[in-house]
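Fair warning: this is a prediction, and the values are worked out from it, not measured in the lab. Protein chains get the first letters and strands the later ones, always in sequence-line order, with residue 1 at the start of each. All values below were derived from every heavy atom in this structure, side-chain atoms included, with hydrogens, water molecules and symmetry-related copies excluded.
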Amino acid sequence: MSEFLNGFKRTHTCGDLRGTDVGKTVRLVGWVQDYRNLGGFLFIVMRDRYGITQIHVDAGSPLFEQASKIRAEWVIGVEGKVISRGKDANQKLATGEIEVDATELRIFNRAETAPFAIHDRCDADEKIRLKYRYLDLRRPCLNRNIIMRSQITRIIRRVLEDHNFLDLETPVLGKSTPEGARDYLVPSRVQPGKFYALPQSPQLFKQLYMISGFDRYYQIARCFRDEDLRLDRQPEFTQIDMEMSFIEPEDIQNICEEMICTIFHEVLNIDLPRPFKRISWDESMDRFGVDAPDIRFGMELNNVTEIFRNTEFKLFAAALENKQGTIRAISVPASVKLSRKDIEQSLGDVAKTYGAKGLAWTKMTNGALDAGIAKQLSDTEKAALIDMLKPEEGGTLLFVADKLNIARNALGRVRKEIAVRNNWVPKVMTKTEDVGLTWVTDFPMFEWSDEDNRWYAMHHPFTSPRSSDWPAFEAGDLGNVYAQAYDLVLNGIELGGGSIRIHNIDVQKKVFAALGIGDAEARAKFSFLLDALSFGAPPHGGLAFGLDRMVMLLSGADSLRDVIAFPKTNKATDLMTEAPGDVDDKQLDELYIKTVMPEEQ
RNA sequence: GGGGCGGUAGUUGAGUUGGUUACAACAACGGCCUGUCACGCCGUAGGUCACGGGUUCGAGUCCCGUCCGCCUCGCCA
């Protein structure tokens with residue numbers, strides 16, 4: 001290769017040439033983006049990831065015959081003189097900005113016709129894009145996301161290392177733990193019948209680093225969860241994982257704020273005010289219906305339950321018969337035109353998706369509530385609604401009457417849907433107002449599951465309860481125990497979350513017990529953690545950001561797939577490598593694994 | 001596990017109530033052109049309409065099943 005490339009090591013990039021003087025000799029390597037044989041001369045548009053440059057070959061040149069064979073996507077090297085720059089007097093150059101008159105031209109590699117055009121639009125069928133991912137990645141629209149990703153991790157490392165964080169590694173082959181997501185399992189050959197699990201997060205290892213005395217840890221860590229995929233969920237993803245000792249939540253939050261501000265400043269040239277907003281989980285659920293609120297617009301939820309406590313309106317009365325029954329409402333401004341069809345079908349479907357039976361509605365017309373459910377409401381109820389919700393003339397009131405968690409969530413999703421449809425919230429952030437950042441704090445420690453008839457940890461079982469809730473915890477009133485946990489939410493999407501951890505072995509045992517994890521099971525699954533806690537663990541806590549989501553939001557990408565170089569499909573396959581694939585029986589034998597396909601069972 | 005949308009030339013799409021030889025643009029290939037820059041003009045080639053059944057005189061079109069991609073509910077401490 002070196003001989004082949006002899007004399008053609010790149011000395012300039014296409015982008016570099018912008019300021020180059022006419023007459024200067026330059027040397028470039030890259031791909032052919034376009035070519036045009038005009039008989040008497042030839043244009044070749046050459047491209048690398050820094051820019052494009054136009055190459056000129058004259059008919060009289062000995063290079064002409066060779067150059068005329070060149071086609072799109074061939075890899076070439078060119079040496080020549082800059083003959084014109086940018087928009088010079090004759091206005092002949094617009095795109096390439098620089099034109100180079102070739103004196104030497106080498107073809108390093110030919111290329112098949114690409115299955116899709118390598119231009120700055122990610123427009124082909126995603127199946128084909130994923131199969132030829134290396135070509136898709138050449139396209140600037142994808143290429144720049146990957147570059148931004150590197151830019152962001154560089155900033156993160158710089159900020160954290162300036163604060164004396166150590167980049168420390170944790171094992172990838174670990175132990176499967178109960179709770180949480182489904183693990184990716186790796187069979188052990190040396191220990192027949194036993195399995196490693198790939199980490200869902202480095203959670204316990206980073207806590208052990210704290211106990212080991214490394215009081216500031218970070219890692220850009222790959223994590224794995226074997227659950228169904230979504231637009232914003234891949235089976236392997238990357239966390240910015242951090243942990244500190246001897247801290248309060250504000251300490252880690254301050255460092256995160258500095259990190260986020262630096263990223264926004266350097267990547268998007270947006271300056272964010274500090275400190276970030278803070279809102280408790282209870283308040284977020286009450287005002288926005290969700291635990292990751294988009295705070296860039298109003299139209300908040302209202303609790304109108306008491307107005308209808310003794311209502312004659314059957315729909316609402318029926319919902320309130322349930323102990324957890326509630327009625328929540330939003331007041332949609334008049335600028336949003338909603339037809340009956342919009343409400344009952346389109347937005348109603350959004351509500352139904354999240355478990356509600358539908359949307360109740362009414363409109364403010366000539367100073368009174370009219371249409372929809374209005375004629376079934378009493379005058380007192382209507383007056384109370386107008387007083388509380390202050391509907392605009394021509395505005396709409398939307399209601400969900402259901403169990404608390406369904407009503408809040410469904411109406412919260414409808415709220416966001418209306419904002420998206422009416423372009424209240426830009427996808428690409430260009431100024432400070434486009435950024436809705438808030439901490440959500442004081443999450444409930446436990447979450448009751450009707451289905452499993454038990455409590456689950458809302459964050460994870462190593463999260464510390466608030467000390468003020470200790471009496472409630474001791475009393476077994478788990479629904480009223482809050483955790484020292486906090487999420488950072490950007491534009492309605494959870495960017496990251498963390499907590500202060502339990503550093504006391506007795507507390508940890510009691511939390512396990514509350515989750516139905518008995519002493520024996522706790523010992524079997526977490527003996528190393530319990531042992532470690534027994535040797536004097538410092539108070540500690542941390543946070544983890546989803547790097548992929550962060551890049552997705554900052555780049556304005558439509559999907560996590562557009563910020564991961566080699567992503568998986570909805571069914572967790574890689575269309576390029578065709579992973580996962582079959583393995584030889586011999587490999588399975590060594591692992592003592594026999595596969596039984598469903599039809600053979 | 002459930003729901004929705006989609007699969008037609010290399011690519012992106014059109015294809016009406018089922019009806020002759022499945023259409024266009026771009027790309028490719030050949031020719032022409034000395035200043036293009038979404039270049040232009042002329043021509044050529046390119047199809048198992050995802051796959052398998054069914055209904056019908058006749059299916060890209062209607063029905064059933066399967067596969068694949070995307071969105072989504074459940075799931076994701």
Which label fits A:Phe526 and A:Phe528: parallel for a plane angle under 30°, tilted from 30 to 60°, or perpendicular past 60°? tilted

Parallel, tilted or perpendicular, as decided by the 30° and 60° cut-offs, for the rings of A:Phe41 and A:Phe43: perpendicular

Can you name the ring-ring contact (aromatic ring centres under 6.0 Å, His included) partners of A:Trp455, sequence neighbours left out? A:Trp448

Name the pairs: protein N/O against N/O of nucleotides 23-29 of chain B, kept only if under 3.5 Å.
| residue | atom | partner | partner atom | Å |
| --- | --- | --- | --- | --- |
| B:rA28 | OP1 | A:Tyr35 | OH | 2.7 |
| B:rC29 | OP1 | A:Arg71 | NE | 3.2 |

With rounding to the closest Å, how many angstrom separate the [atom1] atoms on [N] and [M]?
N      : M      : atom1 : answer
B:rG13 : B:rU8  : P     : 9 Å
B:rG4  : B:rC42 : P     : 48 Å
B:rC26 : B:rU21 : C1'   : 24 Å
B:rU66 : B:rU12 : C1'   : 27 Å
B:rG65 : B:rC57 : P     : 24 Å
B:rU61 : B:rA22 : P     : 15 Å
B:rC75 : B:rG15 : C1'   : 41 Å

For RNA chain B, determine which residues of residues 229-242 of chain A have any heavy atom closer than 4.0 angstrom to one of its atoms, and list them numerically. A:Arg230, A:Leu231, A:Arg233

If you take any heavy atom closer than 4.0 Å to RNA chain B, which residues from residues 195-207 of chain A end up in contact? A:Ser201

In whole angstrom, what separates [X]'s [atom1] from [N]'s [atom2]?
X        : N      : atom1 : atom2 : value
A:Arg129 : B:rG6  : CZ    : C1'   : 16 Å
A:Leu130 : B:rC68 : CG    : P     : 15 Å
A:Asn570 : B:rG3  : CG    : P     : 16 Å
A:Lys352 : B:rU72 : NZ    : C1'   : 16 Å

Is it true that [X] and [Y] have a side-chain N and a carboxylate O under 4.0 angstrom from each other?
X        : Y        : answer
A:Asp519 : A:Lys509 : no
A:Asp562 : A:Arg129 : yes
A:Arg466 : A:Asp469 : yes
A:Arg138 : A:Glu73  : yes

Counting the atoms with a prime plus P, OP1 and OP2 as sugar-phosphate, which does [X] contact under 4.0 Å by heavy atoms, base, sugar-phosphate, or nothing?
X        : answer
A:Asp125 : sugar-phosphate
A:Asp34  : sugar-phosphate
A:Leu515 : nothing
A:Thr463 : nothing
A:Pro115 : sugar-phosphate
A:Arg413 : nothing
A:Phe116 : nothing

Minimum-distance nucleotide (side-chain atoms of [X] versus [options]):
X        : options                : answer
A:Lys127 : B:rC68, B:rG35, B:rC70 : B:rC68
A:Glu227 : B:rA77, B:rG35, B:rC75 : B:rC75
A:Phe43  : B:rA77, B:rG69, B:rU36 : B:rU36

Between A:Thr573 and A:Asp123, whichever has its closest RNA chain B nucleotide further toward 5' is A:Asp123

On RNA chain B, check which nucleotide each of A:Phe462 and A:Thr569 is closest to and give me the residue with the more 5' one. A:Thr569

Would a 4.5 Å heavy-atom cut-off, applied to side chains only, mark A:Tyr50 and A:Asp16 as touching? no

For A:Arg139, the salt bridge (Lys or Arg N to Asp or Glu O under 4.0 Å) test, sequence neighbours excluded, returns A:Asp123, A:Asp136

I'd like a table of donor-acceptor pairs (distance under 3.5 Å, sequence neighbours excluded) in which one partner is a side-chain atom from residues 409-417 of chain A, with atom names and distances.
| residue | atom | partner | partner atom | Å |
| --- | --- | --- | --- | --- |
| A:Asn409 | OD1 | A:Arg413 | NE | 3.2 |
| A:Arg415 | NE | A:Gly298 | O | 2.9 |
| A:Arg415 | NE | A:Met299 | O | 3.3 |
| A:Arg415 | NH1 | A:Asp294 | O | 3.3 |
| A:Arg415 | NH2 | A:Asp294 | O | 3.0 |
| A:Arg415 | NH2 | A:Phe297 | O | 2.7 |
| A:Arg415 | NH2 | A:Gly298 | O | 3.0 |
| A:Lys416 | NZ | A:Asp294 | OD2 | 3.3 |
| A:Lys416 | NZ | A:Asn491 | O | 3.4 |
| A:Glu417 | OE2 | A:Arg421 | NE | 2.8 |
| A:Glu417 | OE2 | A:Arg421 | NH2 | 3.3 |

Quick check, does A:Tyr354 stack with B:rC73? I mean ring centres under 5.5 Å and planes off by under 30°. no

Distance-only polar pair, side chains of A:Asp183 and A:Gln200, donor-acceptor under 3.5 Å: yes

Is a donor from one side chain sitting under 3.5 angstrom from an acceptor on the other, for A:Arg222 and A:Thr238? yes

CD of A:Glu236 to OH of A:Tyr184, rounded to nearest 0.5 Å, is 8.0 Å

Quick one: does A:Arg133's side chain have a donor or acceptor within less than 3.5 Å of a partner on A:Ala565's backbone? yes

Is there a donor N/O on one and an acceptor N/O on the other, under 3.5 Å, for the side chain of A:Glu126 and the base of B:rG7? no

